[in-house]
Amino acid sequence: MNPKSIIKEILGKNEITHVVFVGCGASKADLYPAKYFLDQNAKKISVSHYTSNEFNYTTPALVNENAVVVTASLGGTTPETVEANTVAKEKGAHVISLTRSEGSPLTKDADYVILHGFAENYAAKLEKTGYALQLAVELLNQVEGYEHYEAMQSGFDKIYDLSQQSALEARKDAKQFAEQFKDEEVIYVMSSGATHEVAYSTSVCLMMEMQWINSGTFHAGEYFHGPFEITDKDVPFILLMNDGSTRSIDARALTFLERFDANTAVVDALDYGLSSAIEKSVLDYFNPFVITAVFRVYAEELAKARQHPLTKRRYMWKLEY
């Protein structure tokens, strides 16, 4: 079933007043644009966003037959997220799970399963984010109505090809980034808007998990409320810069970084033609797609320059924890 049909079927059974997005690591971050979209647009539907084990141990009281719980796990085996499905079902919620692995443990307690791609190309890596956002758009439109619904559909039609092309065009800049950052012992990452948790996953997954580089991440709007004190010449920062409503937040941070000659890498959605392809009314929600695709290329080149494959681990998949 597609997102539109899933939401229609759920609404045929119960009124929906709350949505919870649940996942771990990159999968949690992939759900954030959908959460952000509902935060910005929903007037009747409340929304929350949890790391899986916190959802399991401190389940929101609103999780009942009037709630939709959307969970995500790339391989469908993340134990905490599998448990989140069980917890949600016990509370009577409608569970939708996103994974690329048909028949995986995540699918067992799910009412609906959406299978997405990942390894096929850069665009496929965005499908989890895309399906979650589509679910959010459908829920808003079918419950409250959404005046920019058609603009969002047009955006979904265009964003995957645009993101794939953007990633392919980024290789030269990515190689330059890799040479510039390969010897850094710590790298800070920030962004804003719907891309805020792309910065988070870049830091905790691509830097810390996959490259063993110490990293910190914070919202670009919070940069001036503490983190900017460590800014100095050659201190390494990655700024994931949005096109749209929060661009001025990112631009303010960039101006300060440049003022003190920090070692700054900028991935800017504007450089890849996002605002030329996507209507202004919905532009904010598609920044994470292009930026995620482009920075994946940056991460690949950094891994090559450091001779540290993105698949290399010390603890994950190797130890009991």
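The figures here come from the full heavy-atom set of this structure, side chains too, leaving out hydrogens, waters and symmetry mates. Residue numbers start at 1 and run along the sequence shown.
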Q) So which of Val87, Thr86, Thr81 actually passes side chain to side chain contact (heavy atoms under 4.5 Å, CB included) with Asn56? A) Val87

Scan the side chains in residues 270-277 for donor-acceptor partners under 3.5 Å anywhere in the protein, sequence neighbours excluded, and list what turns up.
unit_1 : atom_1 : unit_2 : atom_2 : d
Ser275 : OG     : Asp243 : OD2    : 2.9

Q. Does a sphere of radius 6.0 Å around NZ in Lys91 hold more than 12 heavy atoms from other residues, nucleotides or ligands, not counting ones at 6.0 Å or beyond?
A. no

(Q) Would a single hydrophobic cluster contain both Tyr285 and Val137, if residues Ile, Leu, Val, Met, Phe, Trp and Tyr are joined by side-chain heavy-atom contacts under 4.5 Å? (A) yes

Q. Within a strict 4.5 Å, meaning less than it, do heavy atoms of the Glu279 and His148 side chains meet?
A. no

Q | Tyr160 and Phe289 aromatic ring geometry - parallel, tilted or perpendicular at 30°/60° bounds | A | perpendicular

Q. Is the NZ or CZ atom of Lys158 both under 6.0 Å from the centre of the six-membered ring of Phe286 and within 45° of that ring's axis?
A. no

Q | Close side-chain approach of Val235 and Tyr188, heavy atoms under 4.5 Å | A | yes

Q) Do the side chains of Leu38 and Tyr50 join up, straight or via other hydrophobic residues, at under 4.5 Å, putting them in one cluster? A) no

Q) Would you call Arg247 and Asp268 a salt bridge, using N to O less than 4.0 angstrom? A) yes

Q: Would you mind checking if Glu9 and Lys13 are paired as a salt bridge, meaning a charged N to carboxylate O distance below 4.0 Å?
A: yes

Q: Answer yes or no: is there a side-chain heavy-atom contact under 4.5 Å between Glu301 and Phe177?
A: no

Q: Using a 4.5 Å cut-off on heavy atoms from C-beta on, say whether the side chain of Thr217 contacts that of Thr202.
A: no

Q) Is any side-chain heavy atom of Tyr36 closer than 4.5 Å to a side-chain heavy atom of His49? A) no

Q) Are Ser166 and Tyr122 linked by a side-chain donor-acceptor pair shorter than 3.5 Å? A) no

Q: Output the distance between atom CG (Leu135) and atom OH (Tyr112), rounded to the nearest 0.5 Å.
A: 11.0 Å

Q | Close side-chain approach of Ser27 to Lys128, heavy-atom, < 4.5 Å | A | yes

(Q) Determine whether Phe37 and Tyr146 satisfy the following criterion, ring-ring contact (aromatic ring centres under 6.0 Å, His included), listing intermediate values before the conclusion. (A) CA-CA 11 Å; Phe37 169 84; Tyr146 178 49; 5.2 Å; yes

Q) Between Phe224 and Phe256, is the ring centre distance below 6.0 Å? A) yes

Q. Yes or no on salt bridge (Lys or Arg N to Asp or Glu O under 4.0 Å) for Lys8 and Glu138, after CA distance, side-chain angles and deciding distance?
A. CA-CA 8 Å; Lys8 183 178 179 180; Glu138 287 299 335; over 6 Å; no

Q: Would you check if the side chain of Glu144 reaches a backbone N or O of Ile45 as a donor-acceptor pair within less than 3.5 Å?
A: yes

